[in-house]
Amino acid sequence: MNAEVARWIDRARHAVALTGAGVSTESGIPDFRSDAGLWRDVDPMDVASTAGFEEDPARFYRFWLPKLETIRNAQPSAAHRFLARLESRGRMQAVITQNIDGLHQRAGSRRVLEMHGSFRTLRCQACGAKMPIERALDSGKPVPQCAECGAERMRPEVVLFGDMLGPVLRDAEQEIREADLLLCLGSSLAVHPVAGLVPLARRTGAKVVILNREGTSMDDEADLVLRGELEDLVREVAAPLGL
Ligand code: APR
């Protein structure tokens, strides 16, 4: 089956990847819904929703700042590097990611659609001033403070539960409509509207391959499901391609 996926990649006219937190666990960043996932010990509505952020920014940053330190020092995984190599060989046109860790770009991928934004920049909700996350991390403050107006209302430019996705969703749908191959890596494909890109790919004629350790909500939409550790799956698919 892995050799079949390699053949599909080699022959694809417009291959696109859709990734989730599972591509970053090998980089030391926990995912959300695995047994060791982030949502095991905390209610995502408290720390990953707009209402939760508004209600208690200190709780929000208590949860995220340590993870952002991990992300700052993380290295790309085999899956990140594989997708970047495919793009450099013209075998991958875009990576659509739900991740906010920036590791696809750090691995060398250039066309990356960040569906859930990133923590790269914080924006003051009082005066609109922006701050790079590094400054917030280096300040050591439990809640980042606006350098312009002093308010403790700095919100990261990530998509939280309750937010609408911006124009990036339209860009992703366009990539999917042009795709003849969609590789889904490391996602439970449980969160819409991103998960809806998988049936859209099927409807517009793309072959769908899901590579994941566990079953996903979209396995029935896939032409092929490769079950296992991404590090192993990616190596087995890359081998016949000489990557
Ligand atoms: N190899 C293969 N699969 C893996 C690996 C690995 N090394 N590590 C984790 N996985 C799989 C898990 O089995 C799981 O099915 O990756 C999947 C990750 O799924 P989730 O934790 O649900 O993450 P994701 O799909 O990215 O979540 C989507 O939900 O909470 C929101 O905004 C958050 O972007 C996130 C969205």
Side-chain angles (χ1 to χ4, degrees), residues 17-80 83 95-104 106-107 114-120 122 133 136-137 142-144 155-163 165 183-198 210-222 225-234:
L18 171 57
T19 68
V23 300
S24 298
T25 52
E26 188 200 320
S27 304
I29 301 168
D31 66 12
F32 298 99
R33 294 173 183 82
S34 286
D35 292 347
L38 291 176
W39 296 158
R40 185 195 55 189
D41 303 321
V42 73
D43 178 352
M45 292 307 128
D46 286 344
V47 297
S49 75
T50 305
F53 174 81
E54 297 293 344
E55 182 187 29
D56 189 345
R59 176 181 60 190
F60 180 89
Y61 281 109
R62 246 194 330 276
F63 179 78
W64 284 107
L65 287 180
K67 288 157 189 64
L68 292 168
E69 276 298 347
T70 305
I71 288 170
R72 181 152 76 162
N73 304 312
Q75 293 307 312
S77 68
H80 292 116
L83 295 176
V95 174
I96 298 168
T97 188
Q98 301 170 90
N99 300 341
I100 50 89
D101 56 33
L103 286 178
H104 284 298
R106 213 175 295 173
E114 292 179 319
M115 305 305 291
H116 295 164
S118 89
F119 266 95
R120 217 165 275 118
L122 308 181
I133 185 64
L137 290 170
V143 179
R155 164 148 175 185
E157 294 182 324
V158 288
V159 173
L160 300 174
F161 286 111
D163 290 341
L165 267 63
L183 302 180
C184 305
L185 298 90
S187 177
S188 60
L189 299 171
V191 175
H192 289 266
V194 173
L197 295 173
V198 180
I210 295 177
L211 301 87
N212 205 57
R213 177 190 291 152
E214 298 167 80
T216 79
S217 309
M218 293 291 166
D219 282 359
D220 294 345
E221 297 283 345
V225 174
L226 304 187
R227 185 74 68 239
E229 292 302 305
L230 279 174
E231 185 181 9
D232 301 331
L233 297 175
V234 153

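Remember, predicted model here, so these are calculated numbers, not experimental data.
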- Before giving the answer on side chain to side chain contact (heavy atoms under 4.5 Å, CB included), spell out for Leu165 and Val194 the whole-Å C-alpha distance, their side-chain angles and the decisive distance to 0.1 Å. CA-CA 9 Å; Leu165 267 63; Val194 173; 4.3 Å; yes

Atom pair [atom1]/[atom2] of [X] and [Y] - distance to nearest 0.5 Å:
{"X": "Leu189", "Y": "Glu221", "atom1": "CG", "atom2": "CD", "answer": "10.0 Å"}
{"X": "Leu68", "Y": "Ile29", "atom1": "CG", "atom2": "CD1", "answer": "9.5 Å"}
{"X": "Leu211", "Y": "Ser187", "atom1": "CG", "atom2": "OG", "answer": "12.0 Å"}
{"X": "Met45", "Y": "Leu160", "atom1": "CE", "atom2": "CG", "answer": "10.0 Å"}
{"X": "Leu185", "Y": "Leu230", "atom1": "CG", "atom2": "CG", "answer": "5.5 Å"}
{"X": "Asn99", "Y": "Thr19", "atom1": "CG", "atom2": "OG1", "answer": "4.5 Å"}

So [Y] and [X], do their side chains get closer than 4.5 Å, heavy atoms only?
{"X": "Pro44", "Y": "Phe161", "value": "yes"}
{"X": "Pro156", "Y": "Phe60", "value": "yes"}
{"X": "Glu114", "Y": "Thr97", "value": "yes"}
{"X": "Thr216", "Y": "Val225", "value": "no"}
{"X": "Asp101", "Y": "Thr70", "value": "no"}
{"X": "Arg72", "Y": "Leu137", "value": "yes"}
{"X": "Met218", "Y": "Leu197", "value": "no"}
{"X": "Val23", "Y": "His104", "value": "yes"}

Closer than 3.5 angstrom, by distance alone: can the side chain of [X] be matched with the main-chain N or O of [Y] as a donor-acceptor pair?
{"X": "Asn73", "Y": "Glu69", "value": "yes"}
{"X": "Ser77", "Y": "His80", "value": "yes"}
{"X": "Trp64", "Y": "Ala48", "value": "no"}

Looking only at non-hydrogen atoms, find the nearest pair between [X] and [Y] and report the distance.
{"X": "Leu122", "Y": "Ala136", "answer": "CD1-CB, 3.6 Å"}
{"X": "Val42", "Y": "Leu38", "answer": "CG1-O, 3.3 Å"}
{"X": "Ser24", "Y": "Leu103", "answer": "OG-CD1, 3.9 Å"}
{"X": "Leu233", "Y": "Asn212", "answer": "CD1-N, 4.1 Å"}
{"X": "Ala78", "Y": "Val234", "answer": "O-CG1, 3.9 Å"}
{"X": "Ala21", "Y": "Asp31", "answer": "CB-CB, 3.5 Å"}

- Sequence neighbours left out, what passes salt bridge (charged side-chain N to carboxylate O under 4.0 Å, His left out) with Glu214? Give chain and number order. none

- salt bridge (charged side-chain N to carboxylate O under 4.0 Å, His left out) with Arg106: which residues, sequence neighbours excluded? none

- Can you label the angle between the Tyr61 ring and the Phe53 ring as parallel, tilted or perpendicular, going by 30° and 60°? perpendicular

- Message: Using the rule given for salt bridge (charged side-chain N to carboxylate O under 4.0 Å, His left out), can you reason through Arg227 versus Asp219, listing the C-alpha separation, both sets of side-chain angles and the distance that settles it, and then say yes or no?
- Response: CA-CA 11 Å; Arg227 185 74 68 239; Asp219 282 359; 2.8 Å; yes

- Query: Around atom CG of Asp220, are there more than 12 heavy atoms of other residues, nucleotides or ligands at under 6.0 Å?
  - Reply: no

- Using a strict 4.0 Å threshold on nitrogen-to-oxygen distance, state whether Asp35 and Arg213 make a salt bridge. no

- Message: For a side chain to side chain contact (heavy atoms under 4.5 Å, CB included) check, start with the C-alpha distance between Val191 and Arg33, then their side-chain angles and the critical distance, and finish with the verdict.
- Response: CA-CA 11 Å; Val191 175; Arg33 294 173 183 82; 3.2 Å; yes

